[in-house]
Undergrad: 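Mind having a look at this structure? Questions to follow.
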Amino acid sequence: MPRITTKVGKGYRVTLPERVREALSVGVGDYVTWVVEEGAVEVVKAATIKCPYCGFEAPLEDFKLVRKPWKFRFYTVRRLQCPRCGKVFNYYSGKAPSGKLVEYVTKGRA
Ligand SMILES: [Zn+2]
C-alpha cells in the first residue's frame, strides 16, 4: 500500500497527489468526502445528487434537509430542498438485499 506525504499549506489546503486522484477518479470541480473515524480519516469520492427539477448537482450536504429522514423498505429517504430552484424532492439511498448500493430521486410534493 503506497504512502504519500503532502504538506498542509495556507488555509489548510492540501494537494491531492496524482496517485490519489487516479485511485478516486476525481478531477477539478469534483468533491471528496472526509470520513472521520477514531484515529483515522478515509477520503472517498463524494456522491452527488442531482435536482430532478433544475438539474443542479452537488453533494448531499449542499441540499437542505426539510424533515427528519425516514425508512422505506431498505432505503433511507431524505426530503431535500434544492438550493438553486427551491423545489423539494425525495432522495432514496440504501443497500439492496443483493448488497448493491441503490440511490434515486423522486419528485415529492412541495
Ligand atoms: Zn433544483
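Side chains included, hydrogens not; waters and symmetry mates left out as well; all remaining heavy atoms used. Because the structure is a prediction, the values reported are computed rather than measured. Counting starts at 1 for both ligands and their atoms, in listed order. In this chain, numbering begins with 1 at the start of the sequence shown.
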Undergrad: Between Y75 and Y104, is a ring-ring contact (aromatic ring centres under 6.0 Å, His included) present by the stated rule, with each step listed?
TA: CA-CA 10 Å; Y75 297 106; Y104 64 93; 5.4 Å; yes

Undergrad: So that I know where these two stand, are F63 and F89 an aromatic pair - ring centroids less than 6.0 Å apart?
TA: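 Between F89 and F63, which both carry aromatic rings, the centre distance is below 6.0 Å.
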
Undergrad: With 2.8 Å as the threshold, which protein atoms of type N, O or S lie near the Zn ion (ligand 1)? Leave waters out.
TA: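 Listed by chain and number: C51 SG, C54 SG, C82 SG, C85 SG.
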
Undergrad: Keeping the roles fixed (side chain from R67, backbone from R79), state whether a donor-acceptor pair exists under 3.5 Å.
TA: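 A pair under 3.5 Å: no.
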
Undergrad: Taking side chain to side chain contact (heavy atoms under 4.5 Å, CB included) as the definition, give me every residue that meets it alongside K45, ordered by chain and number, with sequence neighbours left out.
TA: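 K45 satisfies side chain to side chain contact (heavy atoms under 4.5 Å, CB included) with S25, V26, D30 only.
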
Undergrad: Honestly, is K107 close enough over Y53, meaning NZ or CZ under 6.0 Å from the six-membered ring centre and within 45° of the axis?
TA: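 Geometry flag: set, cation within 6.0 Å and 45°.
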
Undergrad: Would you say the side-chain atoms of Y92 and E103 include a donor-acceptor pair closer than 3.5 Å?
TA: no

